[in-house]
Amino acid sequence: DGFRDRSRSFFKNGALFLIGDSHVEGFRLREEDGLSRRLEESLGIPVLNLGLQGTGPGQELLRAERALKSYRPLGAIWLLNPTDVPDEIYFKAIASGEPNPLASPEIANRLSFRLDRWLGGRSRLIQKISEMQNLQGPFIGFMKNRHFEERIHCEALFEGTKRFQKEKIPLVFVLMGQGPTGLRQGYRGLNLDAAAFDRLALCAKASGAAVVDFREEFKDSGDYWPGDWHLHSAGTIKFSRILADRLRPFFGKQPVPSL
């Protein structure tokens, strides 16, 4: 069905949706080491990976709506992180026919991502490329930061909440942090500052859905790939266990199929 996961036809009425971008898809991770598999092990509930790198809440909602045509989940977990802000602005502008307000070279990003997946996340060259990309924002995008906070769009979060509420499906937003302390993050030519993501977090809290907040946690660089804000395999295991504990009050009492 196009998702980075095993076939889940036998879990049509007993899985959790895990919605998000590269953090959900499993950047640099083998499929069996991704967050969806680790959460599945910790919760004892099947978890369907709906992640796709480089997307924002609007595109993530479209993927969730597509999945709802085939699956009836027990609940949905929607991961949000600072890259969702420029992603949402970028795709919103394209959809409305506006000039891209965050114009920056994307070819290198796409090529390095595909090469990195092919090499299984073990290439020192790719790590250096990632570090260079993370420095783009502070040096070439600092002027754009003055304007992009004003363009934050919350419609997808509100629409997603209404859609899941209509289907009587519990939804939990998970707010990811800024990554390891001291990492200067750049993405789509922007410096990923906390203020803009905090505004998106307010939208999540105002939506009426439950929220689990990790913004002040997981700042140890030892949990991440070098020079990156994506959790490596061991960091993913650690995060999934803590996240599972915080999700149990929302999904732990529901009848589920055995794995």
Side-chain angles (χ1 to χ4, degrees), residues 4 18-39 41-42 47 49 51-56 77-87 108-110 112-139 141 173-198 200-201 212-247:
R4 192 188 180 201
L18 184 60
I19 306 165
D21 55 11
S22 54
H23 296 269
V24 172
E25 183 181 11
F27 182 77
R28 293 185 173 180
L29 297 173
R30 297 176 300 177
E31 185 177 310
E32 58 268 29
D33 293 329
L35 181 58
S36 59
R37 293 288 187 90
R38 296 306 185 186
L39 266 181
E41 293 171 1
S42 297
V47 179
N49 183 345
L52 180 64
Q53 70 97 12
T55 56
I77 307 159
W78 194 338
L79 264 68
L80 301 174
N81 70 84
T83 64
D84 285 324
V85 176
D87 279 330
N109 288 338
R110 293 180 182 277
S112 65
F113 179 80
R114 293 182 182 279
L115 180 60
D116 187 62
R117 285 181 61 175
W118 179 64
L119 293 173
R122 294 183 291 272
S123 169
R124 296 181 64 86
L125 172 62
I126 294 300
Q127 290 177 5
K128 291 298 181 184
I129 291 174
S130 179
E131 291 172 10
M132 291 176 65
Q133 289 174 346
N134 290 338
L135 290 174
Q136 285 186 61
F139 289 107
F173 287 111
V174 177
L175 306 177
M176 301 287 287
Q178 290 286 109
T181 301
L183 177 64
R184 302 181 70 183
Q185 302 175 14
Y187 180 73
R188 294 196 187 278
L190 286 170
N191 183 19
L192 299 179
D193 60 1
F197 184 55
D198 286 345
L200 191 66
V212 174
D213 197 340
F214 281 94
R215 281 177 294 171
E216 298 301 321
E217 303 177 57
F218 279 85
K219 295 186 177 182
D220 183 354
S221 60
D223 294 324
Y224 297 84
W225 293 104
D228 204 326
W229 62 86
H230 290 88
L231 294 165
H232 53 48
S233 180
T236 299
I237 293 174
K238 178 180 176 182
F239 176 69
S240 68
R241 289 174 178 170
I242 296 174
L243 177 58
D245 287 340
R246 299 187 189 180
L247 290 174

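Note that the structure is a prediction, hence the values are computed from the model and not measured. Side chains are part of it too, since the values below use all heavy atoms of this structure and drop only hydrogens, waters and symmetry mates. Nothing fancy with the numbering, it's 1 onward along the sequence.
- The shortest heavy-atom contact between L231 and W225 is O-NE1, 3.5 Å.
- R28 approaches P226 most closely through the heavy-atom pair NH1-O, 4.4 Å.
- Here the closest non-hydrogen pair linking E25 and N49 is O-ND2, 3.4 Å.
- Residues passing the side chain to side chain donor-acceptor pair (under 3.5 Å) test with D33 are R30, R38, sequence neighbours excluded.
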Derivation of the side chain to side chain contact (heavy atoms under 4.5 Å, CB included) call for M176 and L79: CA-CA 7 Å; M176 301 287 287; L79 264 68; 3.7 Å; yes
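- Here the side chains of I19 and V24 are not in contact, with every heavy-atom distance at 4.5 Å or above.
- Nearest approach of L247 to I77, heavy atoms of both residues: CD1-CD1, 3.5 Å.
- Residues that satisfy the side chain to side chain donor-acceptor pair (under 3.5 Å) test with R246, not counting sequence neighbours, are E217.
- Across all their heavy atoms, V47 and S36 have their closest contact at CB-O, 3.5 Å.
- Note: H23 NE2 to L29 CG = 11.0 Å, rounded to the nearest 0.5 Å.
- For the atom pair OH of Y224 and OG1 of T236, the computed distance is 9.5 Å after rounding to the nearest 0.5 Å.
- Remark: side-chain polar atoms of D84 are paired, donor with acceptor, to backbone N or O of N81 under 3.5 angstrom.
- Minimum interatomic distance between P82 and G177 (heavy atoms only, all atoms of both residues): CD-O, 3.5 Å.
- Of the possible donor and acceptor atoms, none in the side chain of H230 sits under 3.5 Å from a partner among the backbone N and O of G179.
- Once rounded to the nearest 0.5 Å, the distance linking CG of L80 with CZ of R215 reads 10.5 Å.
- To the nearest 0.5 Å, the span separating OG on S240 from CG on D245 amounts to 9.5 Å.
- Between atom CZ of residue F214 and atom CZ of residue F239 there is a gap of 4.5 Å, rounded to the nearest 0.5 Å.
- For the pair D21 and F27, the minimum side-chain heavy-atom distance is 4.5 Å or more.
- Here the straight-line distance linking atom OG of S42 with atom CD1 of I237 works out to 9.0 Å at 0.5 Å rounding.
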